[in-house]
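Just below is one structure, and these are the notes that go with it.
The chains referred to below are lettered A, B, ... by the order of the sequence lines, with proteins before strands, and numbering in each begins at 1. This one's a predicted model, so the numbers in the text were calculated from it and none came from an experiment.
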2 protein chains.
Amino acid sequence: MDADTDKPDKVDIPKKAIYRLSIYHRCLQKLKATDQETVSSTTLAKAAGVTPSQLRRDLGYFGQFGTRGLGYPVDNLITTIREALGREQLQPVVLVGAGNLGSALLRYQGFQKGGFDVIAAFDARPEEARAKELEIPVHDVSMMAKFIFENEVKLAILCVPVGFAQEVANCLVAYGIQGILNFSTIMLEVPSDVTVNNVDLAMELEHLGYFIR
Amino acid sequence: MDADTDKPDKVDIPKKAIYRLSIYHRCLQKLKATDQETVSSTTLAKAAGVTPSQLRRDLGYFGQFGTRGLGYPVDNLITTIREALGREQLQPVVLVGAGNLGSALLRYQGFQKGGFDVIAAFDARPEEARAKELEIPVHDVSMMAKFIFENEVKLAILCVPVGFAQEVANCLVAYGIQGILNFSTIMLEVPSDVTVNNVDLAMELEHLGYFIR
DNA sequence: AAGTGTGAAAAGTTTCACAGCG
DNA sequence: CGCTGTGAAACTTTTCACACTT
């Protein structure tokens, strides 16, 4: 799932807990849409697919926000989680490798929704990618260094072919990228202050294969 | 990441280990391409991004395949893992919801590579999806029951809008689907003999947000 | 009465370290 | 000698259960 690194700060908090924070965040937003002011750990946990006690423990890592006998204030909790996830303001993101999967992801608007903004894509052959009529501009990789630096981009989505993944990742790191969402099917080697989150769609399907009889 | 279930059989094997099996499988295939006959736990572990002892432990759950002093026979190990993952023969898969993300995934050919065959897609408005010029046929949802039954499909990729996800999942289960790769942003409730594997792309990005400073 | 916050127990997972085999 | 296979130790994460607050 993840090949990541120890952070000097923020230790002691299980990685899985951080992951679940994103789930809670999403569920809370749905709750907010229904004008709920507060929510109990039992209710939120059910929506998130975890146990109430796990939810309380997870929130406990970040402080105390609940009112005993009442529950958690929805608005307040959303803000707190946003802050914990480092999402106070819009995060710029670049995508590298606008091939089959890359351009598919560019078409998918799901990233844009939640506080992230895929502001540009880069490819070794930008003309080909541009022919696909994407909304997001596709530049030549040679422009990448300057762009990332000038826009202070910290996050990148990596969709280049396996053979180039490590090489491109090295560049990204050199340009200042701190988090890589890696769709290529290789374990990247990066410095310990860079986080890699691997998503391997074929593998997810493979994994399911084990459970069907 | 996962909301899955206890299986009556195959217990005692950590879920994470099963997940890693897919990683090993991929690394072994790369090794095979370089005509390696055998591989040591140290070498394979490095490629897979795990510790040698974890690799040995993981393989140990499924039996003994190594030769002490030598390593593991590559071919043999590939076959064993394929069997463990239930991938001896081509698995048919259907995709439901050919909207933004769904059609993106249909275009992406990555699933086809490793023993899975996305044989059909279904959508509430198939005409719209067909306009996107996809290679895989898009049928009306009304055809789904018959198709899944007749082709003995066990796996489904679910990309319908959140509001319909649970409803569609219920249908899939009723039709005989045993594993769902869920791209919708909701925790599905399914019987305990059905496995759900959640992939939430926006969440993966959100998760990274925590680690950048 | 309802529901959080949290020590302490339980369960699950990884690493260590080394005996044993080819 | 080199490398697997595996008990036992170490560590991590989850669950339990209940004191405590509103």
Side-chain angles (χ1 to χ4, degrees), chain A residues 1-7 10-24 28 31 36-74 76-77 80-81 84 187 207, chain B residues 1-7 10-21 23-24 28 31 36-74 76-77 80-81 84 187 207 210:
Chain A
M1 246 150 289
D2 275 55
D4 26 14
T5 20
D6 294 323
K7 276 276 154 159
K10 297 175 177 175
V11 235
D12 297 323
I13 301 174
K15 284 175 197 155
K16 285 194 167 182
I18 295 160
Y19 208 90
R20 285 188 298 262
L21 235 45
S22 307
I23 306 181
Y24 305 150
L28 282 164
L31 270 172
Q36 295 281 319
E37 302 241 313
T38 58
V39 62
S40 73
S41 60
T42 313
T43 312
L44 183 52
K46 190 166 286 175
V50 301
T51 63
S53 94
Q54 184 165 67
L55 169 59
R56 293 203 299 276
R57 175 76 64 192
D58 285 346
L59 296 180
Y61 290 126
F62 297 92
Q64 301 183 186
F65 323 106
T67 311
R68 296 182 189 212
L70 226 182
Y72 299 91
V74 174
N76 200 321
L77 197 49
T80 309
I81 293 181
M187 293 291 160
H207 183 231
Chain B
M1 248 149 287
D2 273 59
D4 27 14
T5 19
D6 295 323
K7 276 275 154 157
K10 297 175 178 177
V11 233
D12 296 323
I13 301 174
K15 282 174 198 158
K16 286 192 169 183
I18 295 160
Y19 208 91
R20 284 189 297 261
L21 235 45
I23 305 181
Y24 304 150
L28 283 163
L31 270 171
Q36 294 282 317
E37 301 241 313
T38 58
V39 63
S40 73
S41 60
T42 312
T43 311
L44 183 51
K46 191 166 287 178
V50 301
T51 64
S53 94
Q54 183 165 66
L55 169 59
R56 294 202 300 276
R57 174 78 63 193
D58 285 345
L59 297 180
Y61 291 125
F62 298 91
Q64 301 183 187
F65 324 105
T67 312
R68 297 181 190 216
L70 227 181
Y72 300 91
V74 174
N76 200 322
L77 197 49
T80 310
I81 294 181
M187 293 290 158
H207 182 231
Y210 177 81

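- Here A:Arg20 contributes atom CZ and A:Tyr61 contributes atom OH; the two are 7.5 Å apart, rounded to the nearest 0.5 Å.
- Annotation for A:Ala84 and A:Leu21: closest pair CB-CD2, 4.1 Å, computed over non-hydrogen atoms.
- Using modelled atom types, one finds a donor on one side chain and an acceptor on the other under 3.5 Å when comparing B:Tyr24 with B:Asp58.
- Note on B:Ser40: every side-chain N or O is 4.0 Å or more away from OP1 and OP2 of D:dC3.
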Checklist entry - How far apart are the C-alpha atoms of B:Leu77 and B:Leu44, what are their side-chain angles, what is the distance that settles it, and do they pass the side chain to side chain contact (heavy atoms under 4.5 Å, CB included) test? => result CA-CA 11 Å; B:Leu77 197 49; B:Leu44 183 51; 4.2 Å; yes
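- What separates CD1 of B:Ile18 from P of C:dG12 is a distance of 13 Å, to the nearest Å.
- Summarising the geometry, the separation between NZ on B:Lys16 and P on C:dG12 is reported as 14 Å, rounded to the nearest angstrom.
- Taking CG of B:Asn76 as the start and OG1 of B:Thr80 as the end, the distance is 4.5 Å to the nearest 0.5 Å.
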Item to check | A:Thr67 and A:Thr38: CA distance, side-chain angles, deciding distance, side chain to side chain contact (heavy atoms under 4.5 Å, CB included) verdict | outcome: CA-CA 9 Å; A:Thr67 311; A:Thr38 58; over 6 Å; no
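- Atom CG of A:Leu55 and atom C1' of C:dT4 are 10 Å apart (whole Å).
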Next on the checklist: How would you summarise protein contacts on nucleotides 7-12 of chain D per nucleotide, using B for base, S for sugar-phosphate only and - for none, with heavy-atom distances below 4.0 Å?
Outcome noted: BB----
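- A close approach under 4.0 Å does not occur between any side-chain nitrogen or oxygen of B:Ser41 and OP1 or OP2 of D:dC3.
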Item to check | Intermediate values then yes/no, side chain to side chain contact (heavy atoms under 4.5 Å, CB included), B:Leu28 and B:Tyr72 | outcome: CA-CA 10 Å; B:Leu28 283 163; B:Tyr72 300 91; over 6 Å; no
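- Residues from residues 59-70 of chain A lying near DNA chain C, meaning a heavy-atom separation below 4.0 Å, are A:Gln64, A:Phe65, A:Gly66, A:Thr67, A:Arg68, A:Gly69, A:Leu70 in numerical order.
- As a whole-Å value, the separation of B:Gln54 CD from C:dG12 P is 17 Å.
- Between the CG atom of A:Leu44 and the P atom of C:dA2 there is a distance of 20 Å, given to the nearest Å.
- The OH-C1' distance, from B:Tyr19 to C:dT14, rounds to 19 Å in whole Å.
- Looking at the side chain of A:Ser53, the nearest of the listed nucleotides D:dC16, C:dT15, C:dG5 is D:dC16.
- The list of side-chain hydrogen bond (donor to acceptor under 3.5 Å, both in side chains) pairs with a residue in residues 39-48 of chain B, not counting sequence neighbours, reads B:Ser40-B:Thr43, B:Ser41-B:Arg56.
- Computed from coordinates, the A:Arg56 CZ to D:dA17 P distance equals 13 Å when rounded to whole Å.
- Nearest heavy atom pair, residue B:His207 against residue A:Ile18, reads CD2-CG2, 3.7 Å.
- D:dT6 atom P lies 14 Å from atom CG of B:Asp58, rounded to whole Å.
- OP1 or OP2 of D:dG5 has at least one side-chain nitrogen or oxygen of B:Tyr72 nearer than 4.0 Å.
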